[in-house]
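Each remark here refers to the structure printed beneath this line.
Residue numbers start from 1 in every chain, and the chains themselves are labelled A, B, ... in the order their sequence lines are given, proteins ahead of strands.
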Amino acid sequence: MDIKEILVLSLGVITILSAVYISFSRNLIYSAFMLLVTLCGVAGLYGLLSADFLAGIQILIYVGGILILIVFAVMLTQNISEGKKSNPSRFPLVSLVIGIVFLGGMGYFIWRFPWNNGYFSFKPITTDLGNALLKEYLLPFEVISILLLVGLIGALTIARVSLGNKNKLTKDDEI
Amino acid sequence: MGLLEQVYAIAPEMVLTAGIVVLLFADFLISNKKKYILSIIAFLFYAGALIVLINSTMTGNTYLFSNQIHIDGMGNFFRCILILTGLITIIYSYNNPEMKEIMAGEFQVLLMGTILGGIWMGISSNMVMIYLALEFVSILSYIMTGIRVRNAKASEGAIKYVLFGAVSSGIMLFGLSYLYGLSGSLELSKLGVYFQQAQLEGKIFFILMLVLVFGGISYKLAVIPFHSWCPDVYEGAATPITTFFSVGPKIAGFALLIRFFNEIFPVNISQPQLSNIFFIIAIVSAITMSIGNLAALWQNNIKRLLAYSSIAHAGYILAGIPAYSQIGNHAILYYLMVYLIMNVGAFLVAMVVGGDEDLNAFDGLAYKSSKGAFWASIMTIYLFSLIGLPPLAGFFGKFYIFSALIDKNLYWLVIVGIINTVISLYYYARILKAMFFNTPNSEQQMFSPIHYQVLGVVLMILTVLFGIYPQMILSMWNN
């Protein structure tokens, strides 16, 4: 066995086992912390597939940002440690059937399909990515900047109105 | 082609982008009492974009920015119709009482952004651009729904919109990621090349993933089963914004759908496996028009009624996709243009009548005053067109769709469509009956300024004119 295969397999096992734990744990706090392991495992897989930039971004944004947000949201919610209240498992049979059908169908096609295996190589891609962003993907790159601008304005609009209306509070609001 | 020439080709989009920036700055330079100037500025920018578009020298088929966008007759049609939507929206949202609680500058910026995103949806030919454009329109739509603060219904609608949007975006991205994995390219035309060379198994997998992408797009079209956000969003948002939602994002969604299929499979190439996905779309279309029409029968709120009516019309338009041909595409484009006109018209009268959006507000509209009679007669034209009575534009919309279907031997879908037209007669006729046969309730106050009257008459004339000369729109697509 190649060292690369061992790495891929062990990272895959870690990712899948932690993902299974997240799904089956009744305690949301444990799930949230276990998400850390899953996300890091996925980042490792990205790195092995020579997507080093994506791996770094995965750590920065998902592990560093979104996960912290989820943990805070979980901890600020009441009664979160009682599994029966936070995630009552409803319709287990139906979900099981749907899940198995979906997994089986996808698995069959992924298994049978002749995927292109030629992409395995360790080569940093960040330079190529930078070039692509300013060449082939120049237009999407610029459109994203407009989207961010307009989205920012929208977010401010929704957040600001309650402040802006302070000088004309109605009776209900004064309480 | 050099970069500068490519930038010239997207001049209308550049004008709209400049418009967004100018509106932002103008908003804090103009005092609160003179906010109407913003509407005028926005109007000028839309008009400018339209003039630039009409005068542009770009003709024929061009792929620009390394195949990110594809500008052709269809793309220009969608650019044109979306900018027109923006223009009309500016007119009917001007001075509307419901818009007073919404900050004018931010509304104009968001509206122009949504139009811009819709245009990207209509011309993109790359999966990155498609996803980006779809999110562009979606995110701004969520904000425009929730922009009315301290309104429980608006918040409910916005939250539902966000949740549905996030789920369906996820479904669509999942499908797109596999399409990329299969073909190794983000360009839609390369996907088609892959499909033609693929083995049978690859083709089946490809089509399964196409179904997922169709699911993601179909939430923008509000077709079943991705429709349940629609009535709540329509009821929650301010009526002018609801009017915009019922046309703008929907036209953009159909633009994306047609573009997606046309880029992957050029219409003249026949693919036997494709009939699977078109069969699914045909079923979705039949269910959408049936449930939309049946649900509309029980509505007493005019906005909810028009929401379900717009779901049903999305079903009719969607029926043009299974009739996959040049005629089918033309039929969809024609129907979209007509739908824009008559639907905005019907919403316009709903805004005039106002009230608490109850159907009772229409009671005896024809006998209230001379203005009431004027609006009642205009509404009659719009309703007849929505039903699809000849010789109005709505009739030819349905006629073209059905004849394209008959060309492809999809008789059952035509029959479903005709039965649905009959069902829809009932709830549209309820409004007619309320206007002409019920006794007026006098306390209702009408909102009927001069620009509403002008817009109402113009839309009515277009409804009649496009019915008599349908070639007008069809020739537009060729130019």
What part of [X] is in contact with chain B, defined as an atom under 4.5 angstrom from a non-hydrogen atom: side chain, backbone, both or neither?
X	result
A:I144	both
A:L147	both
A:Y137	both

Name the option with the most non-hydrogen atom pairs under 4.5 Å to chain A; the candidates are B:I20, B:I143, B:V128. B:I143
Geometric class of the A:F102/B:F174 ring pair [parallel <30°, tilted 30-60°, perpendicular >60°]: tilted
Which atoms of B:I102 approach chain A - backbone, side chain, both or neither, heavy atom under 4.5 Å: neither
Separation between OG1 of A:T38 and CG of A:L35, rounded to the nearest 0.5 Å: 5.5 Å
Quick one: pull up CD1 in A:I6 and CG in A:L11 and give me the separation to the nearest 0.5 Å. 12.0 Å
Counting heavy-atom pairs under 4.5 Å with chain B, the top scorer among A:L138, A:I146, A:L149, A:I153 is A:I146
Atom OH of B:Y194: over 12 foreign heavy atoms under 6.0 Å: yes
Sub-4.5 Å side-chain heavy-atom contact between B:F244 and B:I115: yes
